[in-house]
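Notes to accompany the following structure.
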Amino acid sequence: MEREVRVRFAPSPTGPLHIGGVRTALYNYLLARKLGGKMLLRIEDTDQNRFVPGAEQYIMDSLRWCGIVIDEGIEQGGPHAPYRQSERKPMYRQYAQQLIDSGHAYYAFDTPEELDAMRARLQAAKVPNPQYNSITRAQMRNSLTLPEDEVKQLLDSDTPYVIRLKVPRKEEIRFNDLIRGWVVVHSSAVDDKVLMKSDGMPTYHLANIVDDHLMEITHVIRGEEWLPSAPLHVLLYRYLGWESTMPQFAHLPLLLKPDGTGKLSKRDGDKLGFPVFPLEFHGTDADGQPTVSSGYRESGYLPEAFINFLAFLGWNPGTQQELFTMDELIEHFSIDRVSKSPARFDQNKVRWYNEQYLRAKPDAELAQYLIHDLEAQGLNVPTDKAVQIAGLVKERATFPADLAKEAQLFFERPTSYDEQVISKKWNAQVATGLAAFAQELPTSSDVTPDGIKALLTRVMEQQGIKLGQVLQALRVAVTGAAAGPDLMAIISILGPQETAERIEAAVSKLAVA
RNA sequence: GGUCCGUUCGUCUAGGGGUUAGGACAGUAGAUUUUCAUUCUACCAACAGGGGUUCGAUUCCCCUACGGACUACCA
């Protein structure tokens, strides 16, 4: 019988989640939904020294904002609770013991100083790859080299120790990566990794294998940085007797900094000139001073746009469609269309995606952003008017906040007039022509853009002025600026009275050359 | 240094033994617009290099170069 597909996103709560992590979570989620499986969130907090308060909540809030729904996790519980590794601490010990009993692991009593000395010695001897392995372990203080009674005595006293995996000396380890195909690594390249730390906590390597097995994970989708330790994980599954249900691996290509000089890290924060985090994050720097890192949400990105963009960094559907809702991503996603090579971040493209999604929103929804932002400035605007304005200015906006910026002209009379246009287009004839238009305007019965245009055309004909000569001047008189949305639509929304007053103000303020 | 992974327009990518190597973003030009923006159209622009295999390689293989990851009692 086919096993139910179960995937997990397993971040460590050492700070905010960066976009690479979000993408990993996204691909996991897409696969789970595509295959009708479950998505788990497991918190890997086995390093007590790197705990960052708030990080866990931040991760969950971020995923929620992105629309990534967790089926099992610390918030929602599930059949394999707890989902926080620190709370699973008692479970790992027995598996480490099992490995010791079967001869696949051993106790090591070396102090950090002894380990440093060992590495220094190997380096001095120009050993290409200094590591604790099948060769060097013979020179170290562990249960393989020490007499049995001494080991027993060391364990009984409170001497700190770790448990290390006994990696075989000569063995080819291979596994079939869903993205990269067969990966073959010789065991001599793998060191005797620590499985249990001296504080009694498991390391990532042990905890992740035990939990993935217990939680019945079928696919491990994670970043390429894990590829070198995947052979070690394969060994662990084998020695624990779980090889037949070992999950399939898929190592995702990395997300690089825009200049391509390395993987994007959370330490890049705001240094790159664009957010690397989904949500704004409040943390502390090395000196304990409070820091704020900007987020996509606070910068005005819509989650749909952010996700669509992120999905395309390393995956594509093979068609020419660029815009995908989450449901469409789920429908079209496939792990074998994930590329092998790393991707850099393209700020232009995220912006483009945001514009697409912003414009696709109904005017009524856009109006809500507008009303909200305007209210923050102390401006109250009727909904119907906000809808009209939003519809008019949305083509000019990248972010929701641009709407209110573009809308300012409706609420503030011009305080200055574009000088270029004035010097070129403003003259006595135009001034009188506009004054006449201002007089006629309040009597007009048709205040649609078309009606206003008809009136303007008629008045200018009477004045003997061509429309082209006066339009720029009219725009500047009404808005002060040389550029902006459709003028007739502006006047229509502004209304005849307000427009007329603005024109009259301009006529009286602007000297005629 | 060692091990592993990778390399198609500036960027994200499609393609795959015989193609005018396709799309998107950006850029440039034109059209529309009273203006800027939008929109539309066009243009610019790539198979890292060298060897094989083959009638034929961008595609398959090898080498080189370059880039990246990993190399902790961190994940």
Side-chain angles (χ1 to χ4, degrees), chain A residues 10-14 44-47 49-50 85 108 110-112 115-116 119 123 126-132 160-164 177 179-180 183-186 188-191 193-205 207-208 222-231 251 253-254 256 258 260-263 309 312-323 337 339-353 355 359 393-398 406 418 421 425 453 456 466-476 479 481-488:
Chain A
S12 67
T14 55
E44 310 229 327
D45 56 347
T46 53
D47 187 351
N49 302 317
R50 294 211 302 160
Q85 288 184 329
D110 316 276
T111 63
L115 290 172
D116 287 345
R119 287 187 199 105
Q123 236 148 31
K126 300 236 191 310
V127 172
N129 194 19
Q131 56 182 15
Y132 205 119
Y161 67 89
V162 299
I163 296 175
R164 284 182 182 272
D177 189 277
I179 294 170
R180 286 151 214 286
V183 176
V184 184
V185 177
H186 196 88
S188 62
V190 181
D191 62 350
K193 277 274 178 313
V194 171
L195 265 20
M196 288 294 269
K197 300 185 259 189
S198 56
D199 64 1
M201 274 291 204
T203 59
Y204 167 81
H205 302 293
N208 122 78
R222 67 212 325 185
E224 192 191 326
E225 69 266 31
W226 294 108
L227 198 49
S229 54
H251 289 93
L254 261 17
L256 266 27
T261 59
K263 72 168 174 176
F309 167 75
F312 268 64
L313 237 40
W315 172 85
N316 81 86
T319 64
Q320 312 224 129
Q321 185 179 347
E322 304 275 341
L323 266 17
R337 292 203 64 89
S339 59
K340 296 179 172 70
S341 44
R344 302 184 205 187
F345 213 75
D346 185 353
Q347 293 173 71
N348 283 323
K349 206 146 188 184
V350 221
R351 290 173 63 91
W352 178 79
Y353 270 110
E355 287 165 2
R359 282 165 208 171
V393 303
K394 69 175 174 185
E395 300 291 303
R396 315 171 61 78
T398 298
E406 291 287 339
D418 186 274
V421 174
K425 303 281 187 182
K453 180 134 191 195
L456 182 67
K466 285 203 181 104
L467 214 50
Q469 290 179 289
V470 80
L471 279 162
Q472 271 298 74
L474 211 210
R475 171 182 293 282
V476 171
T479 71
D486 184 75
L487 222 206
M488 298 307 133

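Predicted model only: the values in this text are computed from it and were never measured. In the text below, chain A, chain B and the rest are named by the order of the sequence lines, each starting its count at 1.
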B:G27 versus B:G68 - spacing of their C1' atoms, nearest Å: 28 Å
Whole-Å C1' distance, B:C61 and B:G22: 27 Å
Under the salt bridge (Lys or Arg N to Asp or Glu O under 4.0 Å) test, residues paired with A:Asp45 that sit two or more places apart: none
Pairing nucleotide - B:G10, Watson-Crick or G-U, each distance under 3.5 Å: B:C25
Rounded distance in Å between the P positions of B:G23 and B:C63: 36 Å
Counter-base of B:G30, judged by Watson-Crick or G-U geometry with both distances under 3.5 Å: B:C40
Results of side chain to side chain donor-acceptor pair (under 3.5 Å) for A:Thr319 - residues two or more places apart only: none
With sequence neighbours excluded, residues passing side chain to side chain donor-acceptor pair (under 3.5 Å) with A:Asp346: none
Partners passing side chain to side chain donor-acceptor pair (under 3.5 Å) against A:Glu44 (at least two apart in sequence or in another chain): A:Arg42, A:Gln85
Reading 5' to 3' through nucleotides 67-74 of chain B, protein heavy-atom contacts under 4.0 Å coded B for base, S for sugar-phosphate only, - for none: -BSSS-BB
Check: A:Thr203 and A:Lys193 side chains under 4.5 Å, non-hydrogen atoms: no
Side-chain (A:Lys197) to main-chain (A:Thr46) donor-acceptor, under 3.5 angstrom: yes
Mate of B:G2 where both pairing distances stay under 3.5 Å, Watson-Crick or G-U: B:C70
Partners passing side chain to side chain donor-acceptor pair (under 3.5 Å) against A:Thr398 (at least two apart in sequence or in another chain): A:Glu355
Partner nucleotide of B:U20 by Watson-Crick or wobble geometry (both distances under 3.5 Å): none
Ring pair (Phe, Tyr, Trp, His ring centres under 6.0 Å) against A:Tyr204, all qualifying residues, sequence neighbours excluded: A:Trp226, A:His233
Nearest-angstrom distance, C1' atom, B:A29 to B:C66: 36 Å
Under the side-chain contact (heavy atoms from CB on, under 4.5 Å) test, residues paired with A:Arg50 that sit two or more places apart: A:Ser12, A:Thr14, A:Asp47
Partner nucleotide, any strand, of B:A57 [Watson-Crick/G-U, under 3.5 Å]: none
Under 4.0 Å protein heavy-atom contact, by nucleotide of nucleotides 29-41 of chain B - B base, S sugar-phosphate only: -----BBBBSS--
